[in-house]
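Before any comments, here is the structure.
These figures come from a predicted structure and were not determined experimentally. Chain letters run A, B, ... following the sequence lines, proteins first, then strands; residues in each count from 1.
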Number of protein chains: 2
Amino acid sequence: MKPKVTIEDIARLAGVSKATVSRVLNERSNVKAETRERVLRVMQEQGFVPSLAAAGLAGGRSRLVGVLTPPFTQPTVPEILRGVAEAIEHTDYEIVLYSTNAGQSPTTIVNRILALGLTSCLLVIQPGPLTPRLLQLASQGLPVVVIDDQGPPPELPSVGIDNRVSAYQATMHLIRLGYRRIAHLQGPAEFRCAQERYQGYRQALEEAGLPFDPALVFNGTFETASGRACAAALVTLPLAERPEAIFIANDQMAFGFLSAAEALGLRIPQDLAVVGFDDIPLSAHVRPTLTTIKQPFYEMGRNAVELLLSLLHGQAMQPVAGTEGGYQSPIRIQLPTRLVIRESCGALTLHRRQEQEHSLSDE
Amino acid sequence: MKPKVTIEDIARLAGVSKATVSRVLNERSNVKAETRERVLRVMQEQGFVPSLAAAGLAGGRSRLVGVLTPPFTQPTVPEILRGVAEAIEHTDYEIVLYSTNAGQSPTTIVNRILALGLTSCLLVIQPGPLTPRLLQLASQGLPVVVIDDQGPPPELPSVGIDNRVSAYQATMHLIRLGYRRIAHLQGPAEFRCAQERYQGYRQALEEAGLPFDPALVFNGTFETASGRACAAALVTLPLAERPEAIFIANDQMAFGFLSAAEALGLRIPQDLAVVGFDDIPLSAHVRPTLTTIKQPFYEMGRNAVELLLSLLHGQAMQPVAGTEGGYQSPIRIQLPTRLVIRESCGALTLHRRQEQEHSLSDE
DNA sequence: GCATAATATGAAACCGCTTTCATGTCAAGG
DNA sequence: CCTTGACATGAAAGCGGTTTCATATTATGC
C-alpha cells in the first residue's frame, strides 16, 4: 500500500500552506487564480483525493448520508435505492447503509447511526409510522427526508405519492369498466397510506353514486398471506353478495389473493376483477398479470436525495437567515402515479373497452 | 442538536485520562477492572458512542467496509445484500455502499472508494471479470472479497458456488427424466461462471454417454433478450433436429426463452423441457414455473462479510507472523446449491417421476 | 503618493480519537 | 530494605483535514 498523499504533501509540492490547499479543495473564492491552478495541477499529478473522514471530523459536517432501509428483499426497496444511488453519484456524498433487518428496533438503529457522528443527514425509507426518536432528532435539527408512506400532514420532509388520489383512480377504473359491487382489501391502519387508499376507494364509490357496503371491506396486513385470507373470506359470501371487483391496497396482497383465487376456482378477471397498488416487478408476471397503480420508486429515490441535500445546504445557511421561530410545515414532494392496465381488471378481455382505457391510462 | 459527548467528557466524568477511556473502548487488557467498570458506567450514563470517523482517522484503520454492487435491480443483488447487511449488523462495522450504475467504469469507482480512505476493505459483488485495478490493489494488501462468479483459480478471496457441479446436476436432472437431445444456452465467455456451467453441461452429457452436438449450444448474454433470441433460433431447426430439453445458464435468459416459446407456440415442458440457473424471485412465478439451480445468495452475502472481516483481522497480525514471501492461494468459500424442481422441466407432469426427483432434490 | 480597504496567504488551534512514551505504583526477589 | 519488573495510567503527539486570526500583498480612493 503506497502511503496516502495528504494535503500536506500537496502544500509542500505546490509551495503553499495547508490552508490554501484546503481553500482550493472547498472552492473558496479567495484564492488567486494562478495559485489555484498550481495547486490543482499538483493534486492532479499526485492523484490526491482528500480523506472524507478527516474532512468530516475537522469540518464538523460529513459528506456521508445515512440511508435507513427495510430489508432489500422488500420488493419496493431495490428500485428506490437505485434512484438514491444514482442521485448520490452525481454528488460528492457517499451512502452509509443501515438496513433494518426484521426484529430489530428502528430506534436502536437510528441511535447507532447518529451517535457514530458519521453521517450528517438521514434518508429514511420506512413504510409505516416513524419512530418518536426520529422525530425528536429531526426537530433538533437533523436533516431527515422520509420516502413514502406518511403523506400529509407530514411531520418531516418527505417524498411520496398521493395515495388517496391514486386509490381513487384505481377504483374509478373498475367503476368505469362497469363493475358495481367493488370490494377493498385494505392495509393495516397504522400505515397512513393504507388509510388514504381506503379514503380514495370510498370517494370513488361515492362520486359514482355507488352504495358503500362495509361487508366488502377486508382487513389486510400488506403481506401476501392476508391476500390469501381475503380470497378465502370472500368465497364464503353468498353468491348474490359477492363483489364483482376488488381494489387491493398493495400488490403483495394481490399476489396472495390471485393465487388463492386460482386454488378456489375463482377466475380472474371473469369472476372477479382485481386492481392492485405499487407495480412491483412481479406484478407484470403473475397470472393473470396485475392491473395496478405504478409508484415511481426510482424517481422517489432520486428526489429524496435531492431534497435531502438541498435541506442540508439550506440548513447551513439558516443561522444567517435565522428563521428560528417561524416554523414552516415541512416540504413534501408528491410524485405522480400511473394506472397500469393489465389482465386482472378485465379491461383487456371482458368488455373490449381497451381503447377507451388506454387513453385513460395515459392521462 | 445537543453537543456530542466526546471521549474527553467521559474521561473527565470518570476521573481518568482520555487514553484510559480509549483503552476501555478498544478492550485493551491493561486497565484495572475497577477503572473499566467506572468508565463503562459513565459512558452508559452519557449515552456515549465513539465517533467512527475520529477513530478511523486516528487509528489509521476504519470500521467501514466498502461494498461495491451492481444496480440493485439486478435480481440477484438484493438477496446478497440482505445477507451482507445482516452479517455486518452483528459487528461494529458499517457499510458504505458504492453502486455501479450502468455505463460507469468500475475502475473509476474503485479509485473513488479507496482514495477517500474511508473504508479499509472492500466487498465486491461483481458478475464478470474483475478490473485490473482491483487486482492491483488487492495485491498491495487491500483486503478484498469477491462474491460469486470467478470460481477457481481465484485471484482474490471469494465466496461462490461450484458452477460446474451445479450445471452438471441440472443437466443430469434432464437426462434422468429421459431427455436425450439436450441443448444449452450459455452465458458470455468472459464470465468464468458461464464457461464452468458449460463444462458441467458437457460433462453430464459425456457421463451419460450422450453425443455432444455443437448445434445445440447457443450463445447468450445472460440477459432476457438473448433467451428470446435463442427460442427463435431453436424453432428454425428442422423438427427432427430439435432438442427435447434445454439447460439455460441463468434464469434471466430462461424467462426470455419461456415468453418467446409461448409466443412461438412451443409448449413447455411438453414440447421442450427447460432448466435454469440462479433461482431468483421471479423464477417461482413465471409460467410455467422454472426448474432451476438455487444459488444461496443470502448465505453468500453473510459468508463474504465473515471472510472479509477475518481477512482484515488476520492481516493485522501478518506483520507479526511475517509470511511475506510464501504466497498462498486465496481462500474460496464454496457454498452448496440445490436443484429446485418446478414445472418447466416436466418432472412434475410428464413422467410422473416426481417422487424420485423430489428425493433427488433434497440430496 | 499615501491612507484604507480588499484580497491572498500562512501559522496554529482544533475536530475526537489512538498510540507512544514516560511516569507512578505495587508485589516479588535478593 | 532496596531493586526489578509488571501493571496501570497520564501527557502529549499525531491522524488529515478545516477554520480562525493575523499578516502580507495588492487594489482603490482622494
Side-chain angles (χ1 to χ4, degrees), chain A residues 1-40 42-43 46-64 92 114-120 316 319, chain B residues 1-39 43 46-64 92 114-120 316 319:
Chain A
M1 291 276 242
K2 60 165 178 284
K4 203 172 153 27
V5 185
T6 76
I7 199 176
E8 187 132 25
D9 302 325
I10 303 299
R12 189 162 22 77
L13 266 47
V16 297
S17 72
K18 291 180 358 181
T20 302
V21 178
S22 174
R23 288 186 187 106
V24 172
L25 275 176
N26 295 284
E27 299 177 346
R28 293 280 188 289
S29 54
N30 49 352
V31 178
K32 210 197 314 188
E34 184 193 328
T35 313
R36 181 199 316 285
E37 286 274 311
R38 185 153 33 93
V39 171
L40 284 174
V42 173
M43 295 201 306
Q46 300 297 317
F48 170 74
V49 181
S51 151
L52 266 197
L57 180 56
R61 57 198 166 316
S62 103
R63 290 231 161 117
L64 297 175
D92 43 5
L114 297 174
L116 289 171
L118 208 53
T119 59
S120 51
Chain B
M1 290 273 245
K2 61 162 178 283
K4 204 173 152 25
V5 183
T6 76
I7 200 176
E8 186 132 23
D9 302 326
I10 302 300
R12 189 164 21 78
L13 266 49
V16 297
S17 71
K18 289 179 0 180
T20 301
V21 178
S22 174
R23 289 187 186 105
V24 172
L25 275 175
N26 295 284
E27 299 177 347
R28 294 279 189 289
S29 54
N30 48 352
V31 178
K32 210 198 312 187
E34 183 193 329
T35 313
R36 179 197 318 283
E37 286 273 313
R38 185 153 33 93
V39 171
M43 296 201 305
Q46 301 295 318
F48 171 75
V49 182
S51 152
L52 265 198
L57 182 57
R61 57 195 165 321
S62 103
R63 290 231 161 119
L64 297 175
D92 43 6
L114 298 176
L116 290 170
L118 207 55
T119 58
S120 52

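To the nearest 0.5 angstrom, B:Leu25 atom CG is 11.0 Å from B:Thr20 atom OG1. The distance from the CG atom of A:Leu40 to the CD1 atom of A:Ile10 is 10.0 Å, given to the nearest 0.5 Å. For the atom pair CG (B:Asp92) and CG (B:Leu52), the distance works out to 8.0 Å, reported to the nearest 0.5 Å. For the atom pair B:Ser17 OG and B:Glu8 CD, the distance stands at 10.5 Å (nearest 0.5 Å).
Residue A:Gly60 is classed as having no contact, given no heavy-atom separation below 4.0 Å to the nucleic acid. B:Ala55 comes within 4.0 angstrom of sugar-phosphate atoms only, judged by non-hydrogen atoms across all strands, and of no base. Counting any heavy atom pair closer than 4.0 Å across all strands shown, A:Val21 reaches no nucleic acid atom. Nucleic acid contact for A:Ser22: base, since at least one base atom lies under 4.0 Å from a heavy atom of the residue. A:Arg28 comes within contact range of the sugar-phosphate backbone alone, with a heavy-atom separation under 4.0 Å but no base atom that close.
B:Leu52 places its CG atom 11 Å from the C1' atom of C:dC17, with the value rounded to the nearest Å. One atom, NZ of B:Lys18, and another, P of C:dG16, lie 10 Å apart when rounded to the nearest Å. At whole-Å resolution of the value, CZ in A:Arg36 and P in C:dA8 are 9 Å apart. Between A:Asn26 atom CG and D:dG16 atom C1' the separation is 13 Å, expressed in whole Å. Atom pair A:Glu8:CD and D:dG17:C1' shows a separation of 10 Å (rounding to whole Å applied). In this structure, B:Asn30 atom CG and D:dG10 atom P are separated by 12 Å, rounded to whole Å. For the pair A:Leu57 CG and D:dG16 P, the interatomic distance rounds to 12 Å; values are reported in whole Å. The CZ-C1' distance, from A:Arg12 to C:dG10, rounds to 16 Å in whole Å.
Shortest non-hydrogen contact noted between A:Thr6 and A:Asp9 is N-OD2, 2.8 Å. Residues B:Leu13 and B:Gln46 come closest through the heavy atom pair CD2-NE2, 3.3 Å. Here the closest heavy-atom approach between residue B:Ala11 and residue B:Val21 is recorded as CA-CG2, 3.7 Å. Of all heavy-atom pairs spanning B:Ser120 and B:Ser62, the tightest one is OG-O, 3.0 Å.
Annotation: the terminal axes of the helix from C:dG1-D:dC30 to C:dG30-D:dC1 meet at 40°, where each axis is the rotation carrying the C1' atoms of four end pairs onto the next four (5 pairs per end, rounded to 10°).
Among residues two or more places apart in sequence or in another chain, the side chain to side chain donor-acceptor pair (under 3.5 Å) test is passed with A:Arg38 by none. Residues satisfying the side chain to side chain donor-acceptor pair (under 3.5 Å) criterion with B:Arg23, sequence neighbours excluded, are absent altogether.
Sorted by first and then second residue, the side-chain hydrogen bond (donor to acceptor under 3.5 Å, both in side chains) pairs with a member in residues 25-37 of chain B read B:Ser22-B:Asn26; sequence neighbours excluded.
Of the residues near DNA chain D, B:Ala54 and B:Thr20, the one whose nearest nucleotide (by heavy atom distance) lies more toward the 5' end is B:Thr20. Residue-to-nucleotide proximity on DNA chain C shows that, of B:Gly56 and A:Ala58, the 5′-proximal contact is made by A:Ala58.
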Pick out the pairs of N or O atoms, protein on one side and nucleotides 23-25 of chain C on the other, that lie under 3.5 Å.
none

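For A:Ser17 and C:dA11, the shortest distance from a side-chain N or O to OP1 or OP2 is not below 4.0 Å. Listed pair A:Thr35 / C:dT9 meets the phosphate criterion, a side-chain N or O lying under 4.0 Å from OP1 or OP2.
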Walk along nucleotides 21-28 of chain D from 5' to 3' and tag each nucleotide B, S or - by protein heavy-atom contact under 4.0 Å, base first, then sugar-phosphate. B-------
